[in-house]
Amino acid sequence: MKAVRWILGLIVMALHFLTLPRRGKRTPQHQQQVEEALRSHSLYQLPTCPFCVKVRRAMRRLNLPIELRDVRADGRHRQDLINGGGKMKVPCLRIDHEDGHSEWMYESDEIVSYLQRRFPLEP
Ligand SMILES: N[C@@H](CCC(=O)N[C@@H](CS)C(=O)NCC(=O)O)C(=O)O
């Protein structure tokens, strides 16, 4: 089972790199504002998880350099996800609000819609 998952992961990564989407463009000033807003965002994820790849591809299309937190490589990220989000499931987008509370958004479709709505490219 582990070997099957490993091979599938390899295929997902290969397809991802072979079909990398084009990075979206903004004016330098707009991009700087977006990147400032993104400092309060982080994505808990795994490199080969297909749902995480879907979110990372959307991030690339929208040119959103969100900090990636690998929950397998770093036990602290894994623990933060379980404690804060309530379950060990990826992808999960963490949004730290100014009042100190953190929002934990699961579900790749929901994350992609949120990013498209909140950080659209220029028309
Ligand atoms: N419907 C979810 C599926 C996410 C999912 O199944 N992620 C897997 C990794 S590829 C996971 O975290 N599984 C652990 C679990 O469900 O406990 C989405 O679209 O984000």
Side-chain angles (χ1 to χ4, degrees):
M1 194 59 199
K2 227 175 173 181
V4 173
R5 225 179 297 148
W6 187 80
I7 292 167
L8 284 177
L10 214 64
I11 294 171
V12 167
M13 292 302 278
L15 286 175
H16 167 55
F17 282 112
L18 287 172
T19 62
L20 264 187
R22 193 179 297 184
R23 207 184 291 281
K25 284 204 189 318
R26 295 184 180 83
T27 61
Q29 200 181 3
H30 187 194
Q31 184 65 25
Q32 195 182 338
Q33 286 169 357
V34 165
E35 289 184 19
E36 262 161 44
L38 288 177
R39 287 204 198 113
S40 57
H41 292 59
S42 46
L43 185 75
Y44 289 73
Q45 56 102 43
L46 286 171
T48 58
C49 155
F51 304 98
C52 303
V53 169
K54 178 165 81 179
V55 174
R56 295 204 308 271
R57 290 174 72 86
M59 284 164 49
R60 187 178 166 94
R61 271 193 299 271
L62 292 166
N63 198 356
L64 303 175
I66 295 172
E67 182 190 338
L68 299 178
R69 297 186 175 170
D70 186 323
V71 295
R72 192 170 290 146
D74 192 326
R76 283 169 310 174
H77 294 331
R78 183 187 165 86
Q79 210 47 53
D80 287 347
L81 175 62
I82 295 168
N83 294 344
K87 54 187 170 182
M88 176 43 223
K89 193 168 197 172
V90 290
C92 180
L93 182 69
R94 174 178 174 174
I95 307 163
D96 295 321
H97 293 281
E98 278 180 4
D99 65 3
H101 103 275
S102 298
E103 191 179 338
W104 299 80
M105 189 183 291
Y106 289 93
E107 288 305 315
S108 52
D109 283 343
E110 200 187 325
I111 297 171
V112 171
S113 309
Y114 163 79
L115 295 175
Q116 287 169 337
R117 243 185 0 259
R118 171 96 202 263
F119 303 107
L121 290 170
E122 282 129 16

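We count ligands from 1, going down the list as the structure has it; atoms in each ligand are counted the same way.
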Discussion item. Between Ile95 and Tyr114, is there a side-chain heavy-atom distance shorter than 4.5 Å?
Written reply: yes
In the protein, what heavy atom is nearest to [atom], and what distance, to one decimal place, separates them?
atom	answer
atom 8 (C) of ligand 1	Val90 O, 3.8 Å
atom 13 (N) of ligand 1	Lys89 CG, 4.5 Å
atom 15 (C) of ligand 1	Met88 O, 3.8 Å
atom 1 (N) of ligand 1	Glu107 OE1, 2.8 Å
atom 6 (O) of ligand 1	Phe51 CE1, 3.7 Å
atom 9 (C) of ligand 1	Cys49 SG, 3.7 Å

Practice prompt. Report yes or no: does Asp109 have a heavy atom closer than 4.0 Å to ligand 1?
Written response: no
Item to complete: Please round to the nearest 0.5 Å and tell me the distance separating atom CG of Leu121 and atom CG of Leu62.
Response: 5.5 Å
Practice prompt. Would you check whether Pro50 has a nitrogen or oxygen atom less than 3.5 angstrom from a nitrogen or oxygen atom of ligand 1?
Written response: no
Worksheet item: Would you say Ser108 and ligand 1 have an N/O pair spaced under 3.5 Å apart?
Response: yes
Worksheet entry | hydrophobic_cluster_shared for Met105 and Phe51, side chain cutoff 4.5 Å | no
Worksheet, complete the sentence: Any heavy atom of Lys54 under 4.0 Å from ligand 1? The part involved is neither
Discussion item. Listing request: all salt bridge (charged side-chain N to carboxylate O under 4.0 Å, His left out) pairs with a residue in residues 54-65, at least two apart in sequence or in separate chains.
Written reply: Lys54-Asp109
Worksheet entry | Residues Asp70, Arg72; criterion salt bridge (Lys or Arg N to Asp or Glu O under 4.0 Å); working and verdict | CA-CA 6 Å; Asp70 186 323; Arg72 192 170 290 146; over 6 Å; no
Discussion item. Between Arg94 and Asp96, does the salt bridge (Lys or Arg N to Asp or Glu O under 4.0 Å) criterion hold? Intermediate values first, please.
Written reply: CA-CA 6 Å; Arg94 174 178 174 174; Asp96 295 321; 2.8 Å; yes
Worksheet item: Could you go step by step and tell me if His41 and Phe119 meet the ring pair (Phe, Tyr, Trp, His ring centres under 6.0 Å) rule?
Response: CA-CA 12 Å; His41 292 59; Phe119 303 107; 5.6 Å; yes
